[in-house]
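Each remark here refers to the structure printed beneath this line.
Please read these numbers as outputs of a predicted model, since none were measured by experiment. The figures that follow rest on heavy atoms only: side chains count, while hydrogens, waters and symmetry mates do not.
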Amino acid sequence: MNLEETLVSLVDIPSPTGFEGRLCTAVATRLMRVRGDSAVKRIANSLVVGESTGRPIVLLAGHLDTVPPQGQGPAKVEEGRLTGLGAADMKGGVAVMIHLLEDPLVRTGPYDVVGIFYEGEEGPAAGNALEPILNRLDWLQDAEFAVVLEPSDGEIQLGCNGVVNAEVTFTGKAAHSARPWWGENAIAKAAPWIERIGAIPPNPVTIEGLEYREVMSITRAVGGIANNVIPSEFVLNLNYRFSPRRTVDDAIEQVKAVCEGVDRVEITDTAPAGPVDASHPLVDGIRSVSGAQLAPKQGWTDVARLGLYGIPAVNYGPGEAFHAHKADESVALQDLTSIHATLQAVFSA
């Protein structure tokens, strides 16, 4: 199969989070034909393809799952783009990984190139299988470098912002809405804080010449039990995206500072920022071959998870973030070929 045919086959096997088994089997079956059974290790519905032979280890990381379907049909190719659920995020990257792992020039090159195809990335953080794989097969932690093949808009995207989510609660006193003076409206009580958060501008942070933007956003709000009851509680989610310059603990302190005066704040979820290493020789190699520009990663990716294990990593894969998670999700076929050609050249040199 060529890259286009491979991607069509991947897209046409549904794999929303929690249902990656069929796709995992298909990828394992295909790669076993080339790599042999011993080089393909299945862990639940994830795969590790490759072995350590003493050469420097390079990891290729890509998740098998997609977001839930939005009525998409089979993969369709039109005007140089392939449309279908997961085409950009990130079955295009998975297709490139498969072809690199099958390539004899890569297999005999200067690196032990190992593919990690993992489940659970699009769901809750606790279900992401990448970290359990790194712990179970601890030789993977010795990797010199990793490429996360998330869609990167034709750029080599370094690091990533971290995330803190906090549940912010305002409390009042219930009353009949005909007599609101008998109660205290928790929603109205929150209004000045909501306005203050909405007025916080992005905070630019420059690291190795790349500008990351720290932003705070209210992303959910729940309050009230009936149309004729003054709400006694109003609960909001505050989402903070922080730069690689901050630790998770520092980011939590920033959240608590802006929540001063609220009735209750609870940190519900955190993820570290991804480290930035623009000077790694393999970053230079990818940049030299591709001509791609270095750029910051504003969103969160598993570059951060790899960073916890001291593995330098970049985001570099086919597709544009704009097209991810959309009903008409698509990827340019030229992206597939250019990303594959670059990584083949770098890892077979």
Side-chain angles (χ1 to χ4, degrees), residues 1-16 19-66 74-75 77 82 84-87 89-121 129-130 132-134 136-137 139-140 143 146-149 316-319 331 333 335-349:
M1 292 186 183
N2 60 30
L3 277 164
E4 177 184 326
E5 293 167 337
T6 296
L7 182 53
V8 167
S9 71
L10 296 175
V11 169
D12 285 346
I13 300 175
S15 58
F19 298 90
E20 300 93 337
R22 185 178 160 209
L23 181 59
C24 184
T25 297
V27 175
T29 301
R30 173 167 170 173
L31 288 171
M32 281 179 183
R33 295 192 193 108
V34 177
R35 303 299 298 262
D37 293 1
S38 64
V40 180
K41 300 174 181 64
R42 183 163 184 163
I43 302 170
N45 289 321
S46 300
L47 297 173
V48 175
V49 181
E51 298 171 296
S52 175
T53 68
R55 294 173 294 179
I57 298 169
V58 171
L59 305 180
L60 304 177
H63 59 83
L64 294 172
D65 61 323
T66 70
V77 177
L82 190 150
L85 176 59
D89 191 6
M90 61 174 297
K91 291 185 176 182
V94 170
V96 171
M97 289 171 60
I98 290 171
H99 280 254
L100 290 169
L101 293 166
E102 291 176 330
D103 193 316
L105 295 176
V106 173
R107 291 171 59 192
T108 58
Y111 304 99
D112 284 329
V113 177
V114 178
I116 305 178
F117 302 85
Y118 56 103
E119 61 184 319
E121 194 272 350
L130 180 58
I133 289 170
L134 293 172
R136 181 165 174 174
L137 302 177
W139 59 270
L140 295 170
V147 179
V148 178
L149 283 93
Y316 183 65
V331 65
L333 295 174
D335 273 9
L336 295 178
T337 56
S338 63
I339 297 289
H340 174 265
T342 292
L343 296 179
Q344 180 193 50
V346 171
F347 298 141
S348 62

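- Between the side chains of T25 and R42, at least one donor N or O sits under 3.5 Å from an acceptor N or O.
- Put simply, the residue from L100, L60, L343 that forms a side-chain contact (heavy atoms from CB on, under 4.5 Å) with V106 is L100.
- Side-chain contact of S9 with R30: a donor-acceptor pair under 3.5 Å is absent, judged by distance alone.
- M90 has its side chain out of reach of P318: every pair of non-hydrogen atoms, C-beta onward, lies at least 4.5 Å apart.
- With values rounded to the nearest 0.5 angstrom, I13 atom CD1 is found 12.0 Å from T66 atom OG1.
- Counted by atom type alone, N2 and H99 present zero donor-acceptor pairs between their side chains at under 3.5 Å.
- The two residues F347 and P110 have their closest heavy-atom pair at O-CD, 3.5 Å.
- In this structure, M97 and I116 have side chains that are not in contact, with every pair of non-hydrogen atoms separated by 4.5 Å or more.
- The nearest pair of heavy atoms linking P74 to D12 is CA-OD1, 3.3 Å.
- Using a 3.5 Å distance cut-off with no hydrogens or angles, the side chains of T53 and D112 do pair a donor with an acceptor.
- Side-chain atoms of S348 do not come within 3.5 Å of backbone N or O of G109 as any donor-acceptor pair.
- Put simply, the residue from L333, T337, L336 that forms a side-chain contact (heavy atoms from CB on, under 4.5 Å) with E4 is L333.
- Under the 4.5 Å side-chain criterion, counting only non-hydrogen atoms from C-beta, F19 is not in contact with D65.
- To the nearest 0.5 Å, the span separating CZ on R35 from CD on E51 amounts to 7.5 Å.
- L59 contributes atom CG, which lies 6.0 Å from atom CG of L140 (distance to the nearest 0.5 angstrom).
- In this structure, CD1 on I43 lies 4.5 Å from CZ on R136, to the nearest 0.5 angstrom.
- Minimum interatomic distance between P14 and R22 (heavy atoms only, all atoms of both residues): CD-NH1, 3.6 Å.
- From F117, atom CZ reaches atom CG of L130 across 13.0 Å, with rounding to the nearest 0.5 Å.
- Smallest separation of non-hydrogen atoms from S46 and C24: N-SG, 3.8 Å.
- Using modelled atom types, no side-chain atom of E119 and backbone atom of L64 make a donor-acceptor pair closer than 3.5 Å.
- In this structure, V27 and T29 have side chains that are not in contact, with every pair of non-hydrogen atoms separated by 4.5 Å or more.
- Atoms CG and CD, on L105 and Q344 in that order, are 6.0 Å from each other to the nearest 0.5 Å.
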